[in-house]
Amino acid sequence: MKRKTGQDRSITTKWRPATQAVRGGTARSEYGETSEALFLTSGYCYDRAGDAAARFAGEQEGMTYSRLQNPTVEMLEQRIALLEGAEACRTMASGMAAMTAVLLCQLQAGDHLVGGRAAFGSCRWLTDTLLPKFGIATTVVDARDPQAFLDAVRPETKVFFFETPANPTMDVADLETICAIAGERGITTVVDNAFATPALQRPMDFGADVTAYSATKMMDGQGRVLAGAVCGTEDFITNTLLPFTRNTGPTLSAFNAWVVLKGLETLDLRIHRQSESALKVATFLEGRVPRVLCPALPSHPQHALAMRQMKAGGSIFAIELDGGRTQAHGLLDALELIDISNNIGDSRSLMTHPASTTHAGVAEEKRVEMGIGEGMLRLNVGLEDADDLIDDLDQALRAVGL
């Protein structure tokens, strides 16, 4: 590969996803390094004052300040955009920085947003608490029902915002139908695709305008760094998102970008192996616990839809126990191999009790409305041998009488 091949879209868009994940976006320096270079710099120098003026005026290509551009970060942005099938991407310091920016950059007082009811706790805080503080009205609906989005539309509705699969209930939204409803009315669809990643699902293929990510999850995939990303058209990223981020500064560090670049090289391998293991573990649990919420299982109420939209079921699913928080915490405490952790997308298997961790900040009545009970546990299946995970869960279940 030549020095600039990785950034030549006329070439890289012809590559298949596994190749894009390894080589897309790469720009080699004059030293010809094989691995992407890590540029630890806050600023850049110019040969002439006129060059600085031209760059700030947008008349000359080049870097100006690492709050706006960094060579390592730019390589990551190009790689994610390729994988997503998007024209452009901007990365941010965390997933929630990405979610906040993608909403605030396009909404103002008097606008209205329709959001999915089942969502990560901090995303519900955005829709329920932050946006209304700025005069932005919000309505949350059951994202499993496209008609609910249509019924919630007002003349001032500007954005549909939802996750699929949703955290932690694993609700699946009909991307094509919801995006069509939005498109016919000039509403922007923003899809949080963190659970699936572009390796399993590309919302833009179904009509979504924007996808947003916690790249902390499967993209890094090894529990090392925080990162976020937003993908969309060149016009949206440059003219709507960038003015917000360049002036508010939710900047991704070059080091974190480099780590995520390394994670993307194995994304396709990891997520398919973890999906395979997750299905095996979920199948075991289906015979032992009252309810398993896993899109890959035929028992999932939206299994057929999930398999139409996704290449595999993903590495994350939830279970429900009848014994409430006491039994759920007891199972967690009895685990010997699987870690108790509120993170997901890690190469290590992790399990958490959403009602007391990721969604503890959501009012109890809203958690109930979302379908998050005291007996729910969310499991991230990692790269360990699936039989070892099953053995650990088996002994933990026996410890709580299951």
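Everything quoted here is computed from the prediction, not taken from an experiment. In this chain, numbering begins with 1 at the start of the sequence shown.
- With 3.5 Å as the limit, one finds no donor-acceptor pair spanning the side chains of K311 and S275.
- Between H359 and F120, the ring planes are perpendicular. Angles over 60° get that label, and only those under 30° would be called parallel.
- Surrounding CZ of R23 are at most 12 heavy atoms belonging to other residues, nucleotides or ligands under 6.0 Å away.
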Given R378 and T358, is the side chain to side chain contact (heavy atoms under 4.5 Å, CB included) satisfied, shown in steps?
-> CA-CA 10 Å; R378 188 191 66 197; T358 58; 3.9 Å; yes
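- A 6.0 Å sphere centred on CD of E61 holds no more than 12 heavy atoms belonging to other residues, nucleotides or ligands.
- A donor-acceptor contact under 3.5 angstrom links the side chains of E84 and Y213, judged on distance only.
- When all heavy atoms of I181 and P146 are compared, the closest pair comes out as CD1-O, 3.6 Å.
- Defined by atom type and a distance below 3.5 Å, a donor-acceptor pair is missing between the side-chain atoms of Q222 and S347.
- In this view, R224 and D220 satisfy the side-chain hydrogen bond (donor to acceptor under 3.5 Å, both in side chains) rule, not counting sequence neighbours.
- For the atom pair CG (L267) and CD (Q20), the distance works out to 12.0 Å, reported to the nearest 0.5 Å.
- Here the side chain of Q302 pairs a donor or acceptor atom with the backbone of V172 at under 3.5 angstrom.
- A side-chain hydrogen bond (donor to acceptor under 3.5 Å, both in side chains) with T352 holds for exactly one of N342, D339, T357; it is T357.
- Among V292, L293, N380, L279, the single residue meeting the side chain to side chain contact (heavy atoms under 4.5 Å, CB included) criterion with F317 is V292.
- E374 approaches A355 most closely through the heavy-atom pair OE2-CB, 3.9 Å.
- Looking at E36 and T26, their side chains do bring a donor and an acceptor atom within 3.5 Å of each other.
- Residues H329 and H353 come closest through the heavy atom pair NE2-ND1, 3.4 Å.
- Between Y65 and G43, the shortest heavy-atom contact is CD1-CA, 4.3 Å.
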Give the C-alpha distance, both sets of side-chain angles, the deciding distance and a yes or no for side chain to side chain contact (heavy atoms under 4.5 Å, CB included) between R144 and L305.
-> CA-CA 10 Å; R144 295 171 296 183; L305 173 62; over 6 Å; no
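- Checked against side-chain hydrogen bond (donor to acceptor under 3.5 Å, both in side chains), D235 has the following partners two or more places apart in sequence or in another chain: N239.
- Taking the charged nitrogens against the carboxylate oxygens, K262 and E265 do have a contact shorter than 4.0 Å, which makes a salt bridge.
- Sparse packing is recorded around CD of E364, with 12 or fewer heavy atoms of other residues, nucleotides or ligands lying under 6.0 Å away.
- With L379 as the fixed residue, the side chain to side chain contact (heavy atoms under 4.5 Å, CB included) test singles out one of L393, L389, I319: L393.
- Donor-acceptor pairing under 3.5 Å is recorded for the side chains of R270 and T266.
- In this structure, Q78 CD and D8 CG are separated by 10.0 Å, a value rounded to the nearest 0.5 Å.
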